[in-house]
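Single-structure report; data block below.
Just so it is clear, the structure is predicted and the values come from calculations on it, not from any experiment. Lettering of chains follows the sequences in order, A, B, ..., and the numbering in each one begins at 1. The basis for the numbers below is simple: all heavy atoms, side chains too, and nothing from hydrogens, waters or symmetry mates.
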Protein chains: 2
Amino acid sequence: MLSIGEFSRATGITVKTLRFYHEKGLLVPDHIDADSSYRYYRKEKIDTAKVITTLRKLELPLREIESILLSYQADLDILSFLETHQKNLHQRLSDLQTASNSLEALIRIEKEQRNPMPTTDFTIQEKELPTQLIASITMRGKYSDCSKGFAKLGKYFWSQANGKPFMLYYDKEYKEDDAHFATCFPIKKGTSKDDIEVWELPAGKCLSLMHKGCYDTLRNSYEKIIPAVKERGNLVCPSREIYHKGPGMLFKGNPKNYLTEIQILFTETC
Amino acid sequence: MLSIGEFSRATGITVKTLRFYHEKGLLVPDHIDADSSYRYYRKEKIDTAKVITTLRKLELPLREIESILLSYQADLDILSFLETHQKNLHQRLSDLQTASNSLEALIRIEKEQRNPMPTTDFTIQEKELPTQLIASITMRGKYSDCSKGFAKLGKYFWSQANGKPFMLYYDKEYKEDDAHFATCFPIKKGTSKDDIEVWELPAGKCLSLMHKGCYDTLRNSYEKIIPAVKERGNLVCPSREIYHKGPGMLFKGNPKNYLTEIQILFTETC
DNA sequence: CTTGACCCTCCACTAACTGGAGACCGTACG
DNA sequence: CGTACGGTCTCCAGTTAGTGGAGGGTCAAG
């Protein structure tokens with residue numbers, strides 16, 4: 001018979017924990033001195049204790065371990081317990097994986113928010129846009145609904161991200177309530193799914209203007225760029241708005257620092 | 001200003017939890033009625049609340065979230081918190097993965113223990129053994145140390161298992177204390193590591209005898225098979241002992257049900 | 001004024017321990 | 001035989017992130 005300290009050394013389980021297991025009925029001492037209430041364990045109990053530590057390492061809850069121990073004594077099936085627990089572990093594992101992935105995306109995005117464009121020119125510039133593969137959700141209604149679209153795109157395609165999110169505006173003029181637009185995300189690869197379309201945005205020549213500040217003042221920038229485009233040729237729908245720096249995933253940030261690029265494609269009138 | 005119930009509906013956080021967050025200083029109401037001690041929240045607090053739920057979904061502890069909220073207000077760096085947490089998540093993830101893998105191995109082994117050989121013949125039989133790739137640990141000393149060897153092999157190669165564990169006996173006669181033997185595990189593939197050697201066990205012709213019961217009585221079976229081998233030719237070292245059914249990973253099981261196959265290779269004397 | 005919905009505080013409970021206080025027990029040494 | 005020291009006892013509190021409930025006060029409508 002071993003005292004609790006000796007048993008602790010033999011099993012690697014702390015004295016505190018042994019007392020706790022006793023209280024829970026999981027590992028009961030074989031004898032308790034009536035006078036001193038000292039706990040004494042038989043050597044054979046070491047095997048039971050080792051089984052408990054083995055199962056605890058597998059993250060089985062104590063209740064399950066108790067059931068397994070009892071079932072084993074009754075020569076019953078212990079596999080079902082293990083398999084149930086395996087399912088739980090898998091569930092927990094995939095939950096954690098999801099959390100970890102989301103966190104990674106969050107870190108990436110917040111990092112990008114922090115480093116603004118190195119040198120930004122707030123003048124109208126001509127640009128050749130290459131084709132790019134994008135995932136998009138086409139929407140009709142209020143512009144403010146776009147956040148839902150970006151949230152959904154981000155959920156499925158953050159890992160394939162290939163640039164900043166942007167919007168396509170199909171209306172030739174400004175519409176408040178019945179706008180026709182698409183939330184877009186440049187991606188490396190992917191396939192259409194539900195209302196998300198994956199397609200290739202055509203190349204073209206455009207004028208570009210970087211806008212700094214809150215979205216309410218975007219109209220001012222449009223009023224600058226549209227006449228400039230008309231001078232060069234015919235406006236091509238849809239126009240694009242690239243969100244270089246906007247509200248972060250977590251915090252809104254300061255709207256004064258938002259950076260939005262307006263791109264309007266055109267065909268030259270020869 | 002919203003009452004706690006309205007705020008709860010707006011944020012999806014239960015009333016109970018909101019009170020809890022208040023108590024923790026994480027999300028403090030903007031006003032508390034002096035008479036009724038009703039809590040009232042400004043609408044802007046909804047954003048803060050959403051940040052909290054977002055971060056909770058990423059399994060950040062409340063303390064971390066509080067730090068992030070405070071740091072953000074002070075316009076400090078929040079990335080370091082996120083990155084620290086990401087490390088923790090990865091750690092937890094790999095712990096869980098390990099547990100899940102071990103559990104899977106445990107389930108597989110216990111399952112095999114349960115289904116004994118379908119038809120077992122307890123007579124001496126001649127067999128052609130094919131070559132097989134094995135991982136082995138060579139040991140000198142007491143036979144009883146073999147359990148350590150099997151534990152180590154299992155740890156590294158359970159996922160590549162390709163059959164039952166077995167032992168190679170290099171001694172021509174029985175030695176108690178200075179035996180020369182190897183614990184072995186048939187595997188699909190792998191490389192040598194530390195004291196684990198991966199190599200190909202050569203093919204050969206052997207006599208085989210299945211032994212049922214506790215290991216103490218194995219000698220009886222050896223006394224049956226050795227003369228039979230000698231009749232056919234010369235004994236080839238090492239002999240093999242295959243543990244079809246032995247003590248499980250968790251429980252010792254009943255030694256009466258242990259099944260061990262003795263294989264002794266020989267070269268025919270023409 | 002009553003009813004029903006809403007809100008309050010305080011307490012207990014979860015899992016698996018850990019830490020500490022204060023008291024008792026056992027053995028060896030002087 | 002007294003005492004010093006280590007081992008052991010019980011009991012209580014605290015950890016996380018809430019949940020559940022009891023008992024009682026508050027608000028707005030009818």
Exercise. Using a cut-off of 4.0 Å on non-hydrogen atoms, how would the nucleic acid contact of B:Tyr40 be classed: base, sugar-phosphate, or nothing?
Worked result: nothing
Exercise. Rounded to whole angstroms, how far apart are CG on A:Leu26 and P on C:dC17?
Worked result: 9 Å
For this session: Could you check which of C:dC17, C:dG20, C:dC8 has an atom nearest any side-chain atom of A:Lys16?
Result: C:dG20
Exercise. Just how far, in rounded Å, is C1' of C:dC8 from CD of B:Glu23?
Worked result: 13 Å
Problem set entry | Proximity to the side chain of A:Ile4 - top-ranked nucleotide from C:dC6, D:dC9, C:dG26 | D:dC9
Seminar exercise, completed: Side-chain contact check for A:Ser37: nearest option of D:dT8, D:dT10, C:dC8 is D:dT10
For this session: Could you state the atom-to-atom distance from CD of B:Glu64 to P of D:dA17 in whole Å?
Result: 10 Å
For this session: Nearest whole angstrom, please: distance from the P of C:dC17 to the NE2 of A:His22.
Result: 16 Å
Exercise. What is the ring orientation for A:Phe150 with A:Tyr243, classed by angle as parallel under 30°, tilted 30 to 60°, or perpendicular over 60°?
Worked result: perpendicular
Exercise. Could you give the OH-to-C1' distance, from B:Tyr41 to C:dC6, as a whole number of Å?
Worked result: 14 Å
For this session: Considering only NZ, NE, NH1 and NH2 on the basic side and carboxylate oxygens on the acidic side, decide whether A:Asp195 and A:Lys152 come within less than 4.0 Å.
Result: yes
Problem set entry | Selection from C:dG19, D:dA17, D:dC9 that lies nearest to any side-chain heavy atom of B:Arg56 | D:dA17
For this session: May I ask you to decide whether B:Glu59 forms a salt bridge with A:Arg92, counting only side-chain N to carboxylate O separations under 4.0 Å?
Result: yes
For this session: Under 4.0 Å between any heavy atoms, over every strand shown, what does B:Arg19 touch: base, sugar-phosphate, or nothing? Just pick one.
Result: base
For this session: Check the distance between C:dC13's P and B:Phe20's CZ and give it to me in whole angstrom.
Result: 18 Å
Problem set entry | Phosphate OP1/OP2 of D:dA17: any B:Tyr21 side-chain N/O under 4.0 Å | no
Seminar exercise, completed: Among D:dA17, C:dA16, D:dT26, the one nearest any side-chain atom of B:Tyr38 is D:dT26
For this session: Give the rounded distance in Å between these two atoms: CG of A:Asp33 and P of D:dT10.
Result: 12 Å
Problem set entry | B:Arg140, CZ atom: more than 12 neighbouring heavy atoms under 6.0 Å | no
Exercise. How close or far is atom C1' of D:dA17 from atom CG of B:Leu27, stated in whole angstroms?
Worked result: 15 Å
Exercise. A:Arg63 has a side chain; which of C:dA15, D:dT19, D:dC27 sits nearest to it?
Worked result: C:dA15
Problem set entry | Minimum heavy-atom distance B:Gly246-B:Tyr215, with the two atoms named | CA-OH, 3.6 Å
Exercise. OP1 or OP2 of D:dT19 less than 4.0 angstrom from a side-chain nitrogen or oxygen of B:Thr17, does that happen here?
Worked result: yes
Exercise. Of the nucleotides D:dG21, C:dT9, C:dC6, which has the atom closest to the B:Arg39 side chain?
Worked result: C:dT9
Exercise. Does the side chain of A:Ser3 get closer than 4.0 angstrom to OP1 or OP2 of D:dT8 through an N or O atom?
Worked result: yes
